[in-house]
2 protein chains.
Amino acid sequence: MAVHPTRQRKAIHQAMMLAPGPLSPNDILSLATQEVPKLGIATVYRTINLLLEAGDIQAVPINANDVRYEPCDRGHHHHFLCRVCNTVYDIKGCAGQIAKMLPADFEMDEHEILIHGTCAECKAVD
Amino acid sequence: MAVHPTRQRKAIHQAMMLAPGPLSPNDILSLATQEVPKLGIATVYRTINLLLEAGDIQAVPINANDVRYEPCDRGHHHHFLCRVCNTVYDIKGCAGQIAKMLPADFEMDEHEILIHGTCAECKAVD
DNA sequence: GTCGATGCAAAAACTTTGCATATTC
DNA sequence: GAATATGCAAAGTTTTTGCATCGAC
């Protein structure tokens, strides 16, 4: 990571690296607190903003009042929100033909796909 | 609309119907205030929540701290966020192959695509 | 010892709620 | 006149900021 690695920042970065998909600030706090018990939410937000500016992580908007963050180094992928357990998973692969959807003279830089449904684990349970 | 149509609610509903894409609560307030000058933000939020519960509108998460809302009756479509003017446009059509991206045993209900780029108007200006 | 990072608490921003007044039928 | 909706202001939340202290070199 580009920012000075302290114990706190390592724990925050670690939490995001190990997760199967993007995490909310609170998820990050919960996970990183296991490593650094006195960690405060302000440090989580400050670190998120540093990592965003450094281009190391990106925001993934999931819902009203639900943004999650993930490392940028995972390659092109998309997301799956399980409506049962509320986990967001990374999904490899990509739909084709995205650029063809655009009206004339619209120029595409990037695209995000969010799939809603039920994950394998939750489907097995019910 | 399913809820009792008052002047305020009509103006709020109208603003969303006429827009080229989803609007933020503040967008809605600005537009509807032209019709009902003393409209308060609380009424906007209350109306948004009523319409959400009634299933007449849906939330479109765009960014960290940026949710917008749109009528549900527009048929299947996706969204385009212009990085210059920050407008979100509806995009007709849909990429194929979305379900094929899923890992085994994941079940898809719906999907959303958000394209980032520059809209025709902003591209013409620069 | 200097410099930057942290925690706590206060502030700002965003959203919801309470309540007295206003509006609709 | 009863019932519901509104505006304003207060209360909740979420995120950011200020500041004194702590920690790393």
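In what follows, every heavy atom counts, from backbone to side chain, and hydrogens, waters and symmetry copies are set aside. Each chain gets a letter, A, B and so on, in the order the sequences are listed, and its residues count up from 1.
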B:Glu35 meets the side chain to side chain donor-acceptor pair (under 3.5 Å) criterion, sequence neighbours left out, with none
List in numerical order all residues of residues 60-69 of chain B for which some heavy atom is under 4.0 Å away from an atom belonging to DNA chain C.
-> none
Go through the structure and list residues passing ring pair (Phe, Tyr, Trp, His ring centres under 6.0 Å) with A:Phe106, not counting sequence neighbours.
-> B:Phe80, B:Tyr89
Rounded to whole angstroms, how far apart are CD1 on A:Ile41 and P on C:dC8?
-> 12 Å
Check the distance between D:dT6's P and B:Arg9's CZ and give it to me in whole angstrom.
-> 5 Å
Checking all strands, does A:Leu39 fall into the base, sugar-phosphate, or nothing category for heavy-atom contacts under 4.0 angstrom?
-> sugar-phosphate
Could you tell me whether the phosphate oxygens of C:dT23, OP1 or OP2, come under 4.0 Å of any side-chain nitrogen or oxygen in B:Gln8?
-> no
Considering only Ile, Leu, Val, Met, Phe, Trp and Tyr, and joining two whenever side-chain heavy atoms are under 4.5 Å apart, list the other residues clustered with A:Val125.
-> none
Rounded to the nearest angstrom, tell me the gap between atom CG in A:Asn49 and atom P in C:dA5.
-> 14 Å
Between the side chain of A:Thr43 and the main-chain N/O of A:Leu39, is any donor-acceptor distance below 3.5 Å?
-> no
Taking N or O atoms only and anything under 3.5 Å, show me the protein contacts with nucleotides 17-25 of chain D, one pair per line.
| residue | atom | partner | partner atom | Å |
| --- | --- | --- | --- | --- |
| D:dG18 | O6 | A:Arg46 | NH1 | 3.2 |

Under the salt bridge (Lys or Arg N to Asp or Glu O under 4.0 Å) test, which residues partner A:Lys123, sequence neighbours left out?
-> B:Glu107
Return the value, rounded to whole Å, for the distance between atom CD1 of A:Ile48 and atom C1' of D:dT14.
-> 12 Å
Which residues share a side chain to side chain donor-acceptor pair (under 3.5 Å) with B:Glu110, sequence neighbours left out | none
Interatomic distance, A:Ile12 CD1 vs C:dA5 P [rounded to whole Å] = 13 Å
4.5 Å side-chain heavy-atom contact, B:Pro71 and B:Asp56 = no
Report the distance from atom CG of B:Leu29 to atom P of D:dT6, rounded to the nearest whole Å.
-> 13 Å
For A:Asp66, check side chain to side chain donor-acceptor pair (under 3.5 Å) against everything at least two apart and list the hits.
-> A:Arg68
Residues forming a side chain to side chain donor-acceptor pair (under 3.5 Å) with B:Gln14, sequence neighbours excluded | none
